[in-house]
Amino acid sequence: MPGTADDDLVDLYENAPCGYLSLGPDGRIVRSNQTLSGWLGLGPEQLRGKRLRDLLSIAGQIFYETHFAPLLRMQGFFDEVALDLVRADGKPLHVLANAAERRDAEGELLFTRVTLFRATERRRYERELVDATETAQAESRLSRGQLLAEHETAELREQFIAVLGHDLRNPLAAIDGGTNLLMREPQSEKSQRVIGLIRGSVLRMSGLIDNVMDFARGRLGGGLQLNRSSKPLALTLEQVVGELQTSYPERRIELNVDPAAQLAADHARLAQMFSNLLANAITHGAIDQPVRVDAVLGPGGLQLAVVNAGPAIPPAAMQQLFQPFYRSNPHSRVQGLGLGLYIASQIAEAHGGRLDVTSDATETRFTFRMPLSDGPA
Amino acid sequence: MTVITRNHVVTAGAGHRPMIFAHGFGCDQNMWRLVAPAFEADHLTVLFDHVGAGRSDLAAYDAGKYSSLDGYADDLVEIGRALDVTGGVFVGHSVSAMIGVLASLKAPELFESLVLVGPSPRYIDAEGYFGGFTAAQIEELLASLADNHMGWSAAMAPAIMGNADRPELGEELTNSFCRTDPAIARQFARTTFTADNRADLGRVTARTLILQCSDDIIAPEAVGAYVRDNIPGSEMKVLRATGHCPNLSAPAEVIAAIRDFI
């Protein structure tokens with residue numbers, strides 16, 4: 001322990017919890033304390049004669065000379081300047097520095113005092129703040145860009161779909177109208193058969209276009225909007241059976257439905273779903289066996305079963321039946337896009353119902369069940 | 001937005017030969033506050049801030065235009081023409097020395113004399129050329145600016161608040177001094193320290209004085225000598241002043257040297 005007040009002041013200077021430097025009028029170090037020597041690994045005799053900038057990295061020197069040196073000259077001081085000193089072992093010493101000039105009565109510079117405080121933690125914290133700001137800015141730029149791109153893509157997609165739908169449906173409507181006109185006039189038996197085939201193809205194509213449009217618009221999977229109304233169930237089902245029967249006159253379709261049953265549902269969607277199920281049964285069912293449709297409307301809701309005979313669906317395929325673009329035989333040309341069952345299941349879901357399938361060697365049965373009216377609209 | 005407000009152009013004094021003073025990288029026109037007033041009795045003095053510095057219009061900052069010193073030189077030409085300067089004296093510090101050289105090539109009628117204080121046509125060493133810095137050192141500088149490690153915003157703000165010891169520096173002045181938008185400062189640093197204007201020196205036709213500091217790490221004496229050797233008919237005066245800012249540290253010596261020359 002120092003014994004006198006002077007000793008105590010010397011000790012305070014040498015071992016203060018901060019570094020001290022005094023620079024002569026030429027900017028060279030004339031005095032420094034032990035604390036700074038300990039931090040830097042440089043003794044007082046090694047520091048003497050150096051300039052403050054000699055303790056900085058090259059980058060730090062440029063910055064010091066262009067910013068802090070003029071600031072010191074202009075103001076006579078600087079406060080809380082962040083500097084990175086270079087220690088004897090080459091590692092950086094992060095400090096905050098305060099400096100003050102002392103001038104004589106004539107304004108001549110006598111010396112400059114510099115006080116240095118370690119700021120390693122603070123520097124790390126500041127660095128993290130800067131990094132976080134930059135990251136946030138980059139992410140914000142990125143997400144803005146993505147939003148914009150997605151918006152443009154969505155707009156383009158809507159335009160494309162609208163044009164595509166228009167361009168596909170118009171010629172189809174013309175063909176449909178043409179066959180209607182022909183059917184009003186007497187035709188040979190062969191012509192009648194050909195017209196029937198054409199009308200079947202028109203129907204199938206119309207259904208495919210509907211499916212593709214629904215899928216492309218991304219309106220499935222929760223985006224499907226229902227337009228419910230209460231109508232006789234038999235009317236909707238009979239219309240679909242009639243259309244498909246025209247296309248497949250050689251196939252037998254048995255429809256069992258209560259002619260008086262009224263159902264609150266989106267009948268256009270219901271018809272689309274049923275048409276997909278029925279077409280699927282006709283395409284995959286045994287040619288020599290009828291396709292049976294059983295519609296039962298009870299207090300528990302609607303149960304609509306479409307049943308065909310034929311080989312069982314392999315268990316592996318059962319898992320994927322309702323996935324979009326699933327086709328049992330990818331090379332088949334008659335199966336369409338593989339959207340029919342997917343869309344049927346989406347329509348079932350939109351009605352608060354579900355679509356199930358069972359399949360064995362005897363029969364394959366698709367069953368649509370929906371509650372009455374209190375399902376989500 | 002006129003060029004006068006864009007560059008915060010300040011004129012004083014009157015005389016037959018206008019003098020335009022340009023500040024370098026780091027601070028603003030206050031760099032000249034100890035030098036320019038000495039010439040007001042005999043000259044119109046013109047001080048300005050480069051766009052992005054001091055009290056210039058930051059909204060006028062265009063990263064493309066100011067990615068080369070030509071953008072700054074174009075501004076200088078505009079200022080000179082707006083003030084009808086012909087046959088004037090240009091005094092440029094640090095990077096502005098080269099900006100003045102470029103402006104004098106673009107508009108030779110502006111300046112009959114150039115005073116280049118601490119000029120460097122290229123800071124990075126090249127084959128057969130000593131600039132004082134390696135490319136790696138300059139990259140380190142630019143990276144450290146990007147890191148905000150030198151205390152741009154956090155440490156500068158308290159440093160320029162209030163000034164009880166030197167009340168003659170009003171608060172308005174101290175607050176604008178060395179104030180720079182960090183993003184702009186980074187770009188200005190890149191433009192400054194990666195420039196190479198060696199090829200332009202030989203085309204200078206104005207009378208040229210190089211004021212070279214002793215012990216200037218940013219523009220060493222060898223670089224000043226290179227400028228002297230490559231600008232036809234130029235002369236170099238080595239100042240006793242040390243460091244990179246003799247206009248602040250030794251204004252009397254700078255004033256005397258300029259006066260002798262013009």
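Since this is a predicted model, take the numbers as computed values, not measurements. Numbers restart at 1 for each chain; the letters A, B, ... are given by sequence-line order, proteins then strands.
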Margin query: Would A/Leu56 and A/Val86 count as a side chain to side chain contact (heavy atoms under 4.5 Å, CB included) here? Give the steps.
Written below: CA-CA 6 Å; A/Leu56 304 173; A/Val86 181; 5.8 Å; no
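Aromatic rings from B/His50 and B/Phe48 are positioned such that their centres are separated by under 6.0 Å.
Listed by sequence position, B/Gly243, B/His244, B/Cys245 are the residues of residues 237-245 of chain B in contact with chain A, using a 4.5 angstrom heavy-atom cutoff.
Of the atoms belonging to B/Phe193, it is side-chain heavy atoms, and not backbone ones, that fall under 4.5 Å from chain A. Of the two parts of B/Leu34, neither the backbone nor the side chain holds a non-hydrogen atom closer than 4.5 Å to a non-hydrogen atom of chain A. Contacts of B/Ile217 with chain A are made by both backbone and side-chain atoms, with heavy-atom separations under 4.5 Å.
B/Tyr66 and B/Asp75 share a side-chain donor-acceptor pair at under 3.5 Å.
Salt-bridge formation is detected for the pair A/Arg53/B/Asp215: a Lys NZ or Arg NE/NH1/NH2 atom is positioned less than 4.0 Å from an Asp or Glu carboxylate oxygen. A salt bridge between A/Arg169 and A/Asp210 is present, with a side-chain N of the basic residue lying under 4.0 Å from a carboxylate O of the acidic one. Classification of A/Arg124 and A/Glu121 as a salt-bridged pair holds, one side-chain N sitting under 4.0 Å from a carboxylate O. Between A/Glu108 and A/Arg103 there is no salt bridge, since none of the side-chain N atoms of the basic residue sits less than 4.0 Å from a carboxylate O of the acidic one.
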